[in-house]
Structures are given as structure tokens and as C-alpha cells.
A.B. asks: 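Here it is, the structure, as C-alpha cells.
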Number of protein chains: 4
Amino acid sequence: MTGEEISIEFLLEEDELTDKQKKILVAAIESFSEKGYAATSTNEIAKKAGVAEGTIFRHYKTKKDLLLNIVAPVMAKLVAPFVIRDLDKVLNKRFDTFEDFLRAMIENRREFIEKNGQIIRILLQEIPFQPELREQFKEHVATRLFERFTKVAVYYQEKGEIIDIPPLSALRLTASSIIGYFIAKYLIIPESEWDDEAETERTIQFILNGLGKGTK
Amino acid sequence: MTGEEISIEFLLEEDELTDKQKKILVAAIESFSEKGYAATSTNEIAKKAGVAEGTIFRHYKTKKDLLLNIVAPVMAKLVAPFVIRDLDKVLNKRFDTFEDFLRAMIENRREFIEKNGQIIRILLQEIPFQPELREQFKEHVATRLFERFTKVAVYYQEKGEIIDIPPLSALRLTASSIIGYFIAKYLIIPESEWDDEAETERTIQFILNGLGKGTK
Amino acid sequence: MTGEEISIEFLLEEDELTDKQKKILVAAIESFSEKGYAATSTNEIAKKAGVAEGTIFRHYKTKKDLLLNIVAPVMAKLVAPFVIRDLDKVLNKRFDTFEDFLRAMIENRREFIEKNGQIIRILLQEIPFQPELREQFKEHVATRLFERFTKVAVYYQEKGEIIDIPPLSALRLTASSIIGYFIAKYLIIPESEWDDEAETERTIQFILNGLGKGTK
Amino acid sequence: MTGEEISIEFLLEEDELTDKQKKILVAAIESFSEKGYAATSTNEIAKKAGVAEGTIFRHYKTKKDLLLNIVAPVMAKLVAPFVIRDLDKVLNKRFDTFEDFLRAMIENRREFIEKNGQIIRILLQEIPFQPELREQFKEHVATRLFERFTKVAVYYQEKGEIIDIPPLSALRLTASSIIGYFIAKYLIIPESEWDDEAETERTIQFILNGLGKGTK
DNA sequence: TATGAATGAGTCTTCATTCAT
DNA sequence: CATGAATGAAGACTCATTCAT
């Protein structure tokens, strides 16, 4: 269930990308994630990339096009670990309990976030302002995530491990906790005060108890 | 424990505000929340407010000043229900169980959000880009929230209602669930598919079980 | 039948125009007529007008808007002498013969051209490239000119002064000769070689004989 | 007196032209005539020609060079039917009357225009903006046309067919009528409303009467 | 010979802010 | 207090031209 991660490194090792093109991407990602899309000028990107301003527009028709080209591949991989053929079989084989599933999920996405932190930050920051992004997010992330998670939820509900609530509600509560965990870890709480192992464990137990049926 | 809500209406009934000033605020709030701070021009605000562009700058030194003046009072009230004297006594008197507390909290903040939705949206959208906002948020919201919630957590931990984890962890998990609830309700899920009462209940039970000690 | 001429001077004495606005118009007219619309930069206009570049766009939404605002009023007046109420009566009273009519027409338009030469030049140069201009020209000039000239032609045809050909043909031949006269006078032939009175006379006689019925 | 016409086809069958070069010419002619020289980008020409942008500049030093290379040969042929050795003899033999001459001239130039319409359009549109073009036009067209037409005019004046006015005036009046005829036919009046034969005849008669001496 | 990536000066346009009225 | 004309710096984007391959 290890999704094929996309990382900036990976992105930049694409054969099709010119050397300059890679520099443009790196510079844009850095600036966008630091100051936001709107507050970053193409001039600034060009300078940081060591490239003429015109070169940016040779490769990306508009500034927005550049943004979308940065964010799209990462968005596509956001739900990767869920998009597996024969999900049921995989669950059967590899995730005996909902706990196993949760643990794998968190671990997997943690790696993903560590590799793509900047781009995810850009995605989160710009989604309110870019309708195209929102559309793509709905289509490629939200819908598919819900679809797959429904199967997972039903699977463990039938096994009697989690309570009978609508899958959407289960998804909401699970996702809140996990995303909240990541936001705390990566955006809010300084590393010094964060005991990763313990917090992971608390989060998993919180979800398990929250959705669990019975006695601890 | 009903905090003194700030609402746009309230904001606009301030005696100190000129009629024009109120119109400017309303126009700015509307535009900022719809298109974002960066994408809103002062010219546009002036037109929508039926005011000359110069008038805006007579009341607010800069555009950013206008933003801060909109967001600051709401930010101050974000944690209002927590900021009470003699919190212990209040807990004693009014919130016999953690469940009572949670329920009151959610209800109270729901009202607040319904009155101040636009401004909260602005706050969320701009926090990544405005260091001043982030600073104010930390100082007036995060710190105080943590401080007060610690007391609450300890109170119910001592009563044996919730498990013994660091208050910050308890806060993180509780807040994740509640904020996730509000984000789903107000930003993601269309009203038609949202059964408010049931979802509230599920959220409360999820937190109670998640942090609860024992048998259900 | 003296149309109310529009001249640059007149244009610039409009009360509604700011001082800066007038300077912008003068500068734009000069540059457009010399180098053409496409080859004139707004920066250049601003400098020549002694105005900030932004000021141009405060008064004219786009560069094209500026062009149209220059050309439109002149275009409207191009056919002015034809657009008279009770054309028949006027012909009756004031232009006993087609010759009188021609002579008056040429004299009147000569004055017009002398006052509005630059703008007419712009009009001629840009009509091939600006569909809006072409449209306006058709609507406000061509159609109305044809309509009125038809009455004139029929009037003198009925009087037996000019031959019975379709008015459109008569218009084409008359206009060719007169416009050709003006183009030669103002655009091609250096003043030194041009005997105005004689050439005017030759042109009139050429048209009269060309369209005339009978013996000289 | 049939001038050796230059047509696009002819132009393109030149042996010295590469295949790519021909494609560039065709593409450039099409774009220049449709949108004007200034509004056509070399990039666009390259795409339309199926050629790399650099290739254009391998054959034509600059964009303006390309324009001149398109327009120059056509300009050279504009006055072709006049540039004949022993003009007097030819007139003697082939054009007994001024009417014969006019008729042949119109017919001949009509063919020329039909073959080279696009390029002539480019010439007309760009002459106001390109001093080089204007210079070439004066030198190769205007001067020679005037020179030759003078002989023609004198010839028929001596025969008593046309009135005694300066040849330049005769040229102006004749040319106005013929060019006006072509402009109406090709640029202004929609084909449906144009009776070619009749209009040609009217134009010829107009000129003949206009310049003629006596009774019809 | 042909390519097409790269350039950087230049284009039109927007915008927050100022200031005389 | 309020206005709105004026500013000029900055923005995204275009384009003819060059040059290494």
C-alpha cells in the first residue's frame, strides 16, 4: 500500500524538464509557499531561478498555469494510498484491524508530507482563492477519498470494529483528527514541544476509542 | 458563560463609527471574504461602499490597517467563552460533566460563527500571509485558549472523566474534532446532506469516547 | 449648410475635459497620426503630455478606448453637411445647380479637413486594423452618406442635370474624384506644385462633365 | 502590353526559394494582410508556416526585411504595363483611342489585383508607417507612373481626344476614378450588389466625358 | 541549413496612496 | 470631514532577435 510518492526531487528528475525549467519550479515553490501566490511576482521568481522573466512564460503560459503545474501532480498523489485495486483484498491481507489501517495511513502520509510539505502548504493556502484548484481538488481528491474510505469504513463496520455511523461522518471524524495532528505537528507546535511517538499514539487511540464499539 | 458576541451588526452600531465608515467596513468584509485581501482593490471597496477612495484612507491609514481593524475585534472574541473569571466555580456550577461543557461550547461557538462567518473566513484565509495577524492570533487566541483549556482539562481529569494526557494533547484532539465539525458544516458539505443534530451528537460522542476513560 | 465643425481646438475647449485630459488628447493625436496607433506607447504619450502614465488610464479605460475617443467625434462630423433636415428645400433654395452643390461641398469639407487633418489621418490609417472603427464608420458615415446622397442625386437627375445611373455609382464616382483631390492635395503633392484654385476647378468640371448629360 | 505579372504562385515558384522560405512567405502574407504588420508576431508566422522561429531570421534579417521582401516585387510590377519601350508606337498600334487605352488598362490591372490582392492590401496598409516603403513607392511607382502617363496624356491631347490640362491633373483624375473603382469593388461593396460590367463601363464613360473635349 | 530555448527590453494596465480643493 | 484627480512603482505578459546545438 505504499503509494508511489511524488516528491520535489522526483518532480525535478523528470526527463522532460529543462534545467531552467527545474530552477523555475524550485524558485516558484519556495516563493509561493513563503509569501503566497498573489504576493509573489514573476520577476522575483525569475531572479531567484537565475533566469530571464520571459523564460518563465515560455514554459508556462501564465503565472496561474505555473501554480497549477506545481500543485496538480501533488494533488493527484494526495489520495494515492487509497486508490488501490482490490482494496478489500488488501485490507484483508495487510490490515487485520482498523488500528493497523490507521497506523499505516498516518505513517504513509507523514512521509508524503515531509517530502511535499511546501507544495501542500501552497495548496492549502491557495484553495480558497483559486476556483480551478478547488474544482480539481473536489474531483481528484475529495470524491475519490470519500468513495474509497466508504469501503474501508463499511469493511470494519461489518467486522464489528467501529460503530455504525454514516461513512461520511466516520471519514470526517477520522480525517479531522489526523489532519489536526499534522497541522499541529507541522504548522503550529514547535518541534521542541512535540513528542512525535506519543502524539501519534494518542491520536490513534483517540480515533479508535472515538469510533470503537465497546470496552477498551 | 455566554460570551459577549461581536457581530457585524454590533460592530456597526458602535457610536464612534461614522456612517461612511460603517459602509466601508461592510463593503470590505464582503469583498475580502469573497475574493481575498490581496485580490480586492481599495477602489472596489470604495465603489461598493459608495464612498470616495480617499475616504477609506482618512479612516484607515493603509489597506492592511483596514484588514486588521476588521479582524482584530473578532479575534479578540474568538476565545471569549473561555475567558471568565473564576472558571473553576463556573465549571462547578454549570457544567457538571465534560459532556455538558462540550455541548455548551459547541452551541456557543456555532452562534458566534453564524454571526461572524465572513470575518472568520477572512481570518483563516489571511493568517498564512499576514505576520501581524499571526502574532495577534498567537497572543490573543492560542495562548489564552491553551491556558484556560488546561484548567478545564485538569478539572475533568481530576474528576476522572477524561484520560490523563497532557492538556495540550487533549486540546488538540478536542479542537480538531470541533473545528473539523465546523469546517465540514460551513465550508465543505452542502446543507442538504448535513443533518445538524445528528452530526453534533456524533461529534460529542466521538470526543467523549476518544478521551473517556472507561466503558461506554 | 455649414456643418458645425469639430476641431481639435473645439474638442479641447469642452468644459468637461480636465487640463491633463486635454494634454493627453493632444499628445495622443500627434503620436498616433505620426507613427500609428500600434507603434505609439502609452508611456510615450504620457511623457509628451507631461502626465503620469496612470493618469491616461484614469480617463480612458484602455489604449484603444483612447483611440476611439479621439476618432469618434470627428467621424460623427464627417458627414455633417449632408445631415440636414429638409434637404430638398435646402437644395432648392441654396443649390440651384449640381455645380453649386459640388462647389459648396468641396469648400466645406476642405475646411473640415484643415481643422481635423491629424485625426482624419488616424482614422484612415487605423480603419483597416480596428473592427470597432470600421463598424462605427459604416454605421455613422457610409450608410448616412449614401442615404443622403441618393436624395441629392435623384434631385439633380430629375432636374436633368446629371445622367441616369444608380445613385451609388454616382456617389462612387463623385466621391472618388473629390477624395482623390484631397489625398493629392494633403498627402501626395508638395504644396509648391499645387495650384489650388485651378485644381479645384478642374475637379469640379471633371465631375460635371463625367456625370453631365449633354453638350458642354 | 501584358505586363509580366508577379503572382504569389509565381513568387513561390522561384527556384531560389527554399521550400520553407515559400511557406514563410505564404504565412506572412496571409497574416500581414489580415491583421497588419505590427499586430503579427514572428512566432505566429513561424507556427503557421510550420517552421522554427529561428528559420525566419535565417532568411530575413529582421521582421521588417520580411515585409519588404514581400512587398517589393509587387511594387515593382505595379506600374508594369506602363513601362514599355517605344510607348508611342505601342499606343499607335494598339490603342487607337483613349477609350481603348483605358479599357485595356483597367482590365490589365484588374487581373493583377486579383492575383496580388493580399500583397497590395499589405502595401496600402503599411505605406503610412514604413518610410522605406514610401521611398520605394515614390521611386519605383509614383515617379515612373507620372513620367509614362505624361507621354500618354500628351499623345491623346495632341490627337484632340482629351482636354488640355496638365498631365499631372489628368493622371490624378483618371487614377482617382480607377482606383476608386477598385477600392469599391474589392474593399467596400459586397459582391452581390456589384454589377461588374456596368460599373466598369460607367467608370470608363465617366473618365472619357470628364476629360473629353466635346459632344458625347 | 534548421532548430527552439533563452533573452530582456518594452507593453499595457493596476493599484495603494497622496493632496489640493 | 470628504473628495477624486493624480501619481509612479510594480505587475504580468509579449516579442523580435540571438545562438549553441
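Throughout, protein chains are lettered first and strands after them, A, B, ... in sequence-line order, and every chain is numbered starting at 1.
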A.B. asks: In whole Å, what is the span from the CD atom of Gln21(C) to the P atom of dT7(F)?
C.D. replies: 13 Å
A.B. asks: From NZ of Lys61(A) over to P of dT14(F), roughly how many Å is that when rounded to an integer?
C.D. replies: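 Whole-Å distance recorded here is 8 Å.
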A.B. asks: Closest nucleotide of DNA chain F for Thr62(D) versus for Thr62(A): which of these residues is on the 5' side?
C.D. replies: Thr62(A)
A.B. asks: Of all of residues 46-58 of chain C, which get a heavy atom below 4.0 angstrom from DNA chain F, listed by number?
C.D. replies: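 By residue number: Val51(C), Ala52(C), Gly54(C), Thr55(C), Arg58(C).
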A.B. asks: For DNA chain F, determine which residues of residues 32-41 of chain A have any heavy atom closer than 4.0 angstrom to one of its atoms, and list them numerically.
C.D. replies: Thr40(A), Ser41(A)
A.B. asks: Do the non-hydrogen side-chain atoms of His140(C) and Leu78(C) ever get within less than 4.5 Å of each other?
C.D. replies: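 When only atoms from C-beta onward are counted, Leu78(C) and His140(C) do not touch, as no gap falls below 4.5 Å.
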A.B. asks: Do Val71(B) and Val74(B) have side chains that get closer than 4.5 Å, going by heavy atoms?
C.D. replies: no
A.B. asks: Could you give the CG-to-P distance, from Asn43(A) to dT14(F), as a whole number of Å?
C.D. replies: 16 Å
A.B. asks: Nearest-Å distance, OH (Tyr60(D)) to C1' (dT1(E))?
C.D. replies: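 Checked: the OH to C1' distance equals 15 Å.
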A.B. asks: Separation of Lys63(A) atom NZ from dT13(E) atom C1', in whole Å?
C.D. replies: 15 Å
A.B. asks: Does OP1 or OP2 of dA16(E) have a side-chain N or O of Thr42(B) closer than 4.0 Å?
C.D. replies: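 So the side-chain polar atoms of Thr42(B) do come within 4.0 Å of the phosphate oxygens OP1 or OP2 of dA16(E), strictly under.
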A.B. asks: Using side-chain heavy atoms (C-beta onward) and a distance below 4.5 Å, is Ile45(D) in contact with Phe32(D)?
C.D. replies: yes
A.B. asks: If we only count heavy atoms from C-beta on, is the Phe129(C) to Gln125(D) side-chain gap below 4.5 Å?
C.D. replies: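 The answer is yes; the side chains approach within 4.5 Å.
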A.B. asks: Please report, rounded to the nearest Å, how far the P atom of dA16(F) is from the CD1 atom of Ile24(D).
C.D. replies: 14 Å
A.B. asks: Measure CG/Leu67(C) against C1'/dC12(E) and give the value in whole Å, please.
C.D. replies: 15 Å
A.B. asks: Once you round to the nearest 0.5 Å, how far does CG of Asn69(C) lie from NE2 of His59(C)?
C.D. replies: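 If I round to the nearest 0.5 Å, the distance is 11.5 Å.
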A.B. asks: Taking 4.0 Å as the cut-off, does a side-chain nitrogen or oxygen of His59(C) come that near to OP1 or OP2 on dA6(F)?
C.D. replies: yes
A.B. asks: According to the Watson-Crick and G-U wobble definition with distances under 3.5 Å, which dot-bracket string, read 5' to 3', encodes DNA chain E, using [ ] for crossing pairs and | for pairs with another strand?
C.D. replies: .||||||||||||||||||||
A.B. asks: Is the backbone N or O of Glu44(C) less than 3.5 Å from a side-chain atom of Ser41(C), with the two atoms forming a donor-acceptor pair by type?
C.D. replies: yes
A.B. asks: For the backbone of Glu30(D) and the side chain of Ser33(D), can you confirm whether one donor and one acceptor N or O come within less than 3.5 Å of each other?
C.D. replies: yes
A.B. asks: Do Leu68(A) and Tyr60(A) come close enough that some side-chain heavy atom pair is under 4.5 Å?
C.D. replies: no
A.B. asks: Could you tell me how far apart Ile45(C) (CD1) and dG10(E) (P) are, to the nearest whole angstrom?
C.D. replies: 17 Å
A.B. asks: Hey, which of Lys47(B), Glu53(B), Lys63(B) is the one that makes side-chain hydrogen bond (donor to acceptor under 3.5 Å, both in side chains) with Thr42(B)?
C.D. replies: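 For Thr42(B), the side-chain hydrogen bond (donor to acceptor under 3.5 Å, both in side chains) check succeeds only for Glu53(B).
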A.B. asks: Has Lys20(C) got a side-chain N or O lying under 4.0 Å from the OP1 or OP2 atom of dA6(F)?
C.D. replies: no
A.B. asks: With nearest nucleotides of DNA chain E determined for Asp19(A) and Lys64(C) from heavy-atom distances, which residue corresponds to the more 5′ nucleotide?
C.D. replies: Asp19(A)
A.B. asks: Just wondering, do Lys64(D) and Glu132(D) contact through their side chains at under 4.5 Å, heavy atoms?
C.D. replies: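 Yes, side chains in contact.
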A.B. asks: Taking side chain as C-beta onward, heavy atoms only, is Ile122(B) less than 4.5 Å from Leu67(B)?
C.D. replies: yes
A.B. asks: Hey, does the side chain of Glu126(D) reach the backbone of Tyr37(D) with a donor-acceptor pair shorter than 3.5 angstrom?
C.D. replies: yes
